[in-house]
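One structure is given below, encoded as structure tokens.
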There are 2 protein chains.
Amino acid sequence: MSHTTGVRQAQKQKTRQALLDAGLRLLAEQSLSSIGLREVTRLVGVAPAAFYRHFRDIPDLGVALVEESLGSLHGVVRAILAEQPDAEERIDRTVAVVEHFVRENPAHIRFIARERHGGVRAVRRAIAAELARFADEVAAALREQPVSDGWSDDDLLMLAEMYVDHLVMTASALLDAADDGDTAARDRLAERARRQLRLISLGRRHWKD
Amino acid sequence: MSHTTGVRQAQKQKTRQALLDAGLRLLAEQSLSSIGLREVTRLVGVAPAAFYRHFRDIPDLGVALVEESLGSLHGVVRAILAEQPDAEERIDRTVAVVEHFVRENPAHIRFIARERHGGVRAVRRAIAAELARFADEVAAALREQPVSDGWSDDDLLMLAEMYVDHLVMTASALLDAADDGDTAARDRLAERARRQLRLISLGRRHWKD
DNA sequence: CCATTCAGTAAACATCCGTTCTCCGACGCG
DNA sequence: CGCGTCGGAGAACGGATGTTTACTGAATGG
């Protein structure tokens with residue numbers, strides 16, 4: 001049996017993960033294009049040259065972080081899209097899930113918000129592609145709802161993209177409030193998000209005219 | 001008479017503007033926190049030390065760029081809010097104005113989209129403050145429209161913030177398409193924006209329930 | 001017209017950067 | 001056990017960075 005297999009690979013993955021974590025930590029106060037390779041390795045406690053065993057350069061590290069960050073978002077979207085008969089209740093649940101996610105994964109959502117329009121082309125493209133996949137997923141889920149009867153695929157997608165954009169913006173705004181420790185602003189933002197979703201929901205119900 | 005006054009100050013302003021322009025040009029492919037002071041002065045053709053005659057550091061340059069960029073946006077908002085009886089026509093006009101603005105001031109809107117969630121705190125705060133002022137302006141204009149009868153100030157502001165966010169996101173998306181020279185994507189994005197505005201407009205009309 | 005102000009210059013500084021190279025030592029496998 | 005593999009260490013490099021210093025020369029204003 002190969003019961004000892006992978007001690008080596010496990011250590012490598014551990015270092016790789018440490019590099020990703022360090023990058024994410026540095027991203028809290030800088031943007032990706034200004035992060036130094038040495039800065040990352042210093043935080044992890046390895047030699048600068050060790051970086052090249054895992055990534056070609058910093059942009060490459062960034063692309064890996066996109067997958068990690070938006071991977072954890074998949075769970076959020078699924079929780080939001082969970083069956084829920086009442087529209088109002090679904091909105092409350094959505095905002096609650098987003099709030100919880102922001103509290104649990106602040107670094108990930110900050111990274112996405114920051115680099116979505118950031119200075120590294122490869123990372124921008126990776127984020128755009130991943131968010132487009134999310135929009136498709138949301139559109140598919142919206143189609144199942146009775147409110148969407150008679151909607152074209154195109155219109156469902158434009159609505160889904162609106163929801164995804166709104167989600168990212170809301171999460172980012174909530175995070176900024178959390179950074180300042182401003183819980184009052186956080187509650188205000190959550191209430192604003194609920195009302196905006198309510199307005200979109202209203203527009204949705206009267207689209208067939 | 002002081003008819004010769006200002007030759008000196010005029011030259012200084014000229015250099016200052018050149019520094020701002022150079023910064024904006026560099027911002028096309030980097031983010032602010034990774035721009036070097038020497039890089040900027042090199043592009044202008046002045047000595048590095050000359051930079052300190054105009055700005056304390058790069059973040060300070062960034063804050064100045066915020067004022068310049070969002071100053072030019074004021075005209076856009078005013079053009080959008082121009083009286084227009086028909087809602088559908090107002091939407092068309094809005095998107096057309098945004099398209100025109102993106103074509104005319106690509107660097108400015110890229111800067112705002114990039115640094116709104118970017119790595120420099122002072123710049124983020126400056127952008128947030130300026131966008132909040134825009135939202136107030138939009139809310140005030142919305143109140144004048146008959147559709148807003150019975151709306152609370154709070155609700156008007158949440159709607160206005162939604163419009164401002166949507167404007168920034170649309171402009172940024174249009175710019176990305178323009179960068180790729182993809183005119184088909186640009187037209188698709190414009191149509192999507194129109195439909196999203198239509199949906200919001202619908203929700204607005206049925207808010208009083 | 002002459003003393004003063006001041007935007008911009010030129011050089012020097014300590015520091016940090018990304019990258020390459022050689023080497024080591026622990027793990028993997030037969 | 002013994003040999004090949006390979007993640008990581010360590011040192012060295014050329015170059016770029018932000019900042020300070022003393023300076024120059026033209027516009028300024030009494």
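Naming convention: chains lettered A, B, ... in sequence-line order (proteins, then strands); numbering from 1 in each chain.
- Residues from residues 21-35 of chain B placing a heavy atom under 4.0 Å of any atom in DNA chain D do not occur.
- A close approach under 4.0 Å does occur between a side-chain nitrogen or oxygen of A/Thr15 and OP1 or OP2 of D/dG8.
- The listed nucleotides are C/dG8, C/dC27, D/dG7; the one nearest the side chain of B/His54 is C/dG8.
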Can you give me the N/O atom pairs linking the protein to nucleotides 21-23 of chain D at distances under 3.5 Å, or say none if there are none?
none

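- You'll find that the side chain of A/Arg38 is closest to C/dT19, out of C/dC27, C/dT19, D/dA26.
- Counting to the nearest Å, the C1' atom of C/dT20 and the OH atom of A/Tyr52 are 9 Å from each other.
- Between A/Glu191 and A/Arg195, at least one side-chain N (NZ, or NE/NH1/NH2) sits under 4.0 Å from a carboxylate O, which counts as a salt bridge.
- Each ring-ring contact (aromatic ring centres under 6.0 Å, His included) pair with one or both residues in residues 164-201 of chain B, not counting sequence neighbours, would appear here, but there are none.
- A/Arg16 comes within contact range of no nucleotide atom at all, as no heavy-atom separation falls under 4.0 Å.
- Within the 4.0 angstrom heavy-atom criterion, only backbone atoms of the sugar-phosphate kind lie near A/Arg42; the bases stay farther away.
- Under the rule for a side-chain contact (heavy atoms from CB on, under 4.5 Å), the partners of B/Glu137 that lie at least two apart in sequence or sit in another chain are B/His74, B/Val77, B/Arg78, B/Phe134.
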> side-chain contact (heavy atoms from CB on, under 4.5 Å) between B/Ile109 and B/Leu174: does it pass, once the steps are laid out?
Replying inline: CA-CA 10 Å; B/Ile109 96 98; B/Leu174 282 170; over 6 Å; no
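- Applying the ring-ring contact (aromatic ring centres under 6.0 Å, His included) test to pairs two or more places apart or on separate chains, those with a residue in residues 31-61 of chain A are A/Phe51-A/Phe55.
- Remark on the helix from C/dC1-D/dG30 to C/dG30-D/dC1: inter-end axis angle 20°, axes from five-pair C1' superpositions, rounded to 10°.
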